[in-house]
Amino acid sequence: MPSAESTPARVQEPDTVRPTRDDKVAAAGSELIGGPLGRRALLGTSWWTPVRVIALVAIGMFALGLVQKAPCYNGAWFFGASSQYTHACYSDIPHLYQGRGFADGLVPYFDRLPGDMQYLEYPVLTGVFMEVASWLTPGSGTIQDQEQWYWMVNAGMLMVCAAVIVVCVTRTHARRPWDGLLVALAPAAALTATINWDLLAVALTAAAMLMWSRGRALAFGVLLGLATAAKLYPFLLLGPLLVLCWRAGKWREFGTALAGAAVGWLVVNLPVMLFAFEGWSKFYTFSQERGVDFGSFWLIWAQNSTNPPTTDSVNTMATLLVLLCCGGIAALTLAAPRRPRFAQLAFLIIAAFILTNKVYSPQYVLWLVPLAALARPKWRDFLIWQACEVAYFLGIWMYLAYTTSGNAHKGLPTDGYHWAIAVHLLGTLYLCAVIVRDILMPERDVVRLAGDDDPSGGVLDGAEDVFVLGPAAHPPRHVAHFEGSRVEWGKQDTADGSL
């Protein structure tokens, strides 16, 4: 055992960022549980660590979302088409138990389905998730009993995914664990969690982000590949990561991540591709052939036009728009005065895909919730966006109630639904705008104000730039010869290490 004289003094761990100190909305909300956390609070000295508290809060909110579905569980899914919309408790899960052959023991992708949809129209890993839930569903009783059980089994599995998401978000920014409460308390997430199976892909994406923040590029890639095998959108994260690694010269790490993503995706997809190609390809052909649908600005155009755009033209225009957004994000990344944080660009690229897509199902908000908490952990902005998403959640069900209630016209007419779509679009654009502002003005970024550079960036955190465009490539002369750390934005050295 070394002597006291030879033992170096313990390096003080960086302080945990307390949102109630700097965020007025968080401070006001904390009054419900006793007020803001004081600087003398003993964190991590009991069982009630931030991760455990946030996970329990998330499970509680998930349970409230289940309660909100009670009117449908007790009959609205089975009796009366419009009642599941007037109660805003619709879910795909019970309807697809029989509609996609699970009640009859059909094997997804291999067995042809009766009706218009010949094969399951979901990616393979989601199909596996659905199949496993069907194995756990009792086959006795009426079809209604089986569909209720199927929804409950899926809800239990999705609750595990929700817990994984909040734990990963809480641990991604080590100094900001309480930002995970944004995800745990997100009202739109609780309302949409059991509409479909999106939480599986979201959980895998959140785990991938955590791995990247820890510098584990291969694990990040494999998890992202698995997430893409569950839902298409996660692969888009490779785009901003490519540009960030380009600016920082981290080509080896990006190559490792890309290879891992390819392996993860192929492990799941290749067996089905080889032995049931027609069934495997249904997801991709369905996505291509699907017409303009709910939630998109394309629907507003189509329903207000005497000559609505064709599906092919919308596919082309939507692709061009998202590519244009990708180009803009790339230019922003390379020309920003400071290299953007990975989470900021991850949010922007998924938001761009959502805003330009020809369909926006209400559960798609789940894709953005963890990324929003990492990109812009500011309660005011997050709640403004969430309010817009809740308004859209209610709007789409009230619109469907209107269209399915016959001459009674109970619900929201078409013009009202268009306003609900506009609210969703504007809310998402608002959050995009403040994130872009943070990128252009890093001193406004609340994460960097606390003294961090890019806590979700892994090898990018604190890395020097090797390729920059625009004014950022030519800093002012009095800055060009500065010798020292360039990652201390907003950090002030004080005796107690606080701001």
Side-chain angles (χ1 to χ4, degrees), residues 68-69 71-72 76-92 94-96 99 116-117 121 187-188 191-192 194-196 198 286-322 351-368 384-432:
Q68 190 267 335
K69 300 294 187 290
C72 280
W77 285 330
F78 316 105
F79 311 109
S82 65
S83 58
Q84 61 186 328
Y85 304 133
T86 55
H87 289 95
C89 55
Y90 174 84
S91 172
D92 288 325
H95 296 298
L96 296 187
D116 296 335
M117 190 64 67
E121 73 278 23
L191 292 169
T192 60
T194 57
I195 291 178
N196 204 279
D198 293 63
F286 174 75
S287 300
Q288 183 72 15
E289 297 167 358
R290 185 176 188 176
V292 171
D293 214 331
F294 298 116
S296 68
F297 74 89
W298 303 105
L299 182 68
I300 299 177
W301 179 10
Q303 292 184 336
N304 286 282
S305 174
T306 57
N307 185 26
T310 64
T311 299
D312 288 341
S313 62
V314 170
N315 287 338
T316 301
M317 288 186 287
T319 301
L320 290 175
L321 280 176
V322 78
F353 179 71
I354 283 176
L355 291 169
T356 59
N357 201 15
K358 59 185 177 182
V359 58
Y360 179 74
S361 298
Q363 72 271 11
Y364 289 2
V365 68
L366 296 168
W367 305 357
L368 289 175
I384 289 173
W385 170 59
Q386 282 289 290
C388 295
E389 293 297 331
V390 171
Y392 176 73
F393 173 85
L394 297 174
I396 186 172
W397 305 131
M398 293 304 102
Y399 172 67
L400 288 171
Y402 180 86
T403 59
T404 58
S405 59
N407 293 328
H409 294 313
K410 296 179 180 179
L412 195 65
T414 302
D415 289 345
Y417 178 54
H418 290 171
W419 281 108
I421 295 175
V423 167
H424 142 67
L425 295 172
L426 290 173
T428 305
L429 285 170
Y430 167 76
L431 202 52
C432 289

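All figures in this text were calculated on a predicted structure; none of them were measured in a lab.
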Colleague: Should Leu299 and Tyr360 count as side-chain neighbours, where that means a heavy-atom distance under 4.5 Å?
Modeller: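 No, every pair of side-chain atoms sits at 4.5 Å or beyond.
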Colleague: Please determine whether side-chain contact (heavy atoms from CB on, under 4.5 Å) holds for the pair Trp385 and Val365, giving the CA-CA distance in whole Å, both sets of side-chain angles, and the decisive distance to 0.1 Å.
Modeller: CA-CA 10 Å; Trp385 170 59; Val365 68; 3.8 Å; yes
Colleague: Do Phe294 and Tyr392 have side chains that get closer than 4.5 Å, going by heavy atoms?
Modeller: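 Side-chain contact under 4.5 Å: yes.
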Colleague: Quick one: pull up OG in Ser305 and CD in Gln303 and give me the separation to the nearest 0.5 Å.
Modeller: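 Reported to 0.5 Å precision, the distance equals 11.0 Å.
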Colleague: Closest approach of Pro309 and Ala302, non-hydrogen atoms and distance?
Modeller: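 So the two residues come closest at CD-CA, 4.3 Å.
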Colleague: Measure the shortest side-chain to side-chain distance between His418 and Asn304 over non-hydrogen atoms and say whether it is less than 4.5 angstrom.
Modeller: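 With C-beta onward as the side chain, the pair touches.
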Colleague: When you look at Glu289 and Thr311, which way does the side-chain contact (heavy atoms from CB on, under 4.5 Å) test go after all the steps?
Modeller: CA-CA 7 Å; Glu289 297 167 358; Thr311 299; 5.8 Å; no
Colleague: Over all heavy atoms of both residues, which pair between Ala420 and Gly395 is shortest? Give the atoms and the distance, please.
Modeller: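 Heavy atoms of Ala420 and Gly395 come nearest at CB-CA, 4.1 Å.
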Colleague: Once rounded to the nearest 0.5 Å, what's the spacing between atom CG of Asp92 and atom OG1 of Thr194?
Modeller: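 Answer rounded to 0.5 Å: 10.5 Å.
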Colleague: Quick check: does any side chain N or O of Thr356 sit under 3.5 Å from a backbone N or O of Leu321, one acting as donor and the other as acceptor?
Modeller: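 No, because the side chain of Thr356 does not come within donor-acceptor range (under 3.5 Å) of the backbone of Leu321.
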Colleague: For the SG atom of Cys432 and the CG atom of Leu426, what is their distance to the nearest 0.5 Å?
Modeller: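 Output value for this atom pair is 11.5 Å.
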Colleague: Would you say the rings of Tyr402 and Tyr417 are close, in the sense that their centroids are separated by under 6.0 Å?
Modeller: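 No; Tyr402 has its ring centre 6.0 Å or more from that of Tyr417.
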Colleague: Does some side-chain heavy atom of Tyr85 sit less than 4.5 Å from a side-chain heavy atom of Ile396?
Modeller: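 Ile396 does not reach Tyr85 side chain to side chain.
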Colleague: Quick one: does any side-chain atom of Tyr90 pair with a main-chain N or O of Trp397 as donor and acceptor, under 3.5 Å?
Modeller: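 Looks like no, no N/O pair under 3.5 Å.
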Colleague: Measuring from atom CG of Leu368 to atom CD1 of Ile354, what distance do you get when rounded to the nearest 0.5 angstrom?
Modeller: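 Taking CG in Leu368 and CD1 in Ile354, the distance rounds to 4.0 Å.
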Colleague: With rounding to the nearest 0.5 Å, note down the distance linking CD in Gln288 to CG in Asn315.
Modeller: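 If we round to the nearest 0.5 Å, Gln288:CD and Asn315:CG are 4.5 Å apart.
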Colleague: Say you draw a straight line from OG of Ser287 to NZ of Lys358; how long is it, rounded to the nearest 0.5 Å?
Modeller: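 The distance works out to 7.5 Å.
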Colleague: Which label fits Trp367 and Tyr364: parallel for a plane angle under 30°, tilted from 30 to 60°, or perpendicular past 60°?
Modeller: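 Ring orientation of Trp367 relative to Tyr364: parallel.
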Colleague: Please report the C-alpha distance between Phe393 and Ile195 in whole Å, then the side-chain angles of each, then the deciding distance to 0.1 Å, and finally whether the side-chain contact (heavy atoms from CB on, under 4.5 Å) criterion is met.
Modeller: CA-CA 11 Å; Phe393 173 85; Ile195 291 178; 4.0 Å; yes
Colleague: Return the minimal non-hydrogen interatomic distance between Gln84 and Trp77, and the atom names on each side.
Modeller: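 Looks like OE1-CD1, 3.5 Å.
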Colleague: Does any N or O in the side chain of Ser296 come within less than 3.5 Å of the main-chain N or O of Val292, such that one atom is a donor and the other an acceptor?
Modeller: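 Looks like no, no N/O pair under 3.5 Å.
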Colleague: Side chains of Ser82 and Lys410: closer than 4.5 Å at any heavy-atom pair?
Modeller: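 Of all side-chain heavy-atom pairs linking Lys410 with Ser82, none is under 4.5 Å.
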Colleague: Just by distance, do the side chain of Gln386 and the backbone of Ala188 share a donor-acceptor pair under 3.5 Å?
Modeller: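 Pair found, side chain donor or acceptor close to backbone of Ala188.
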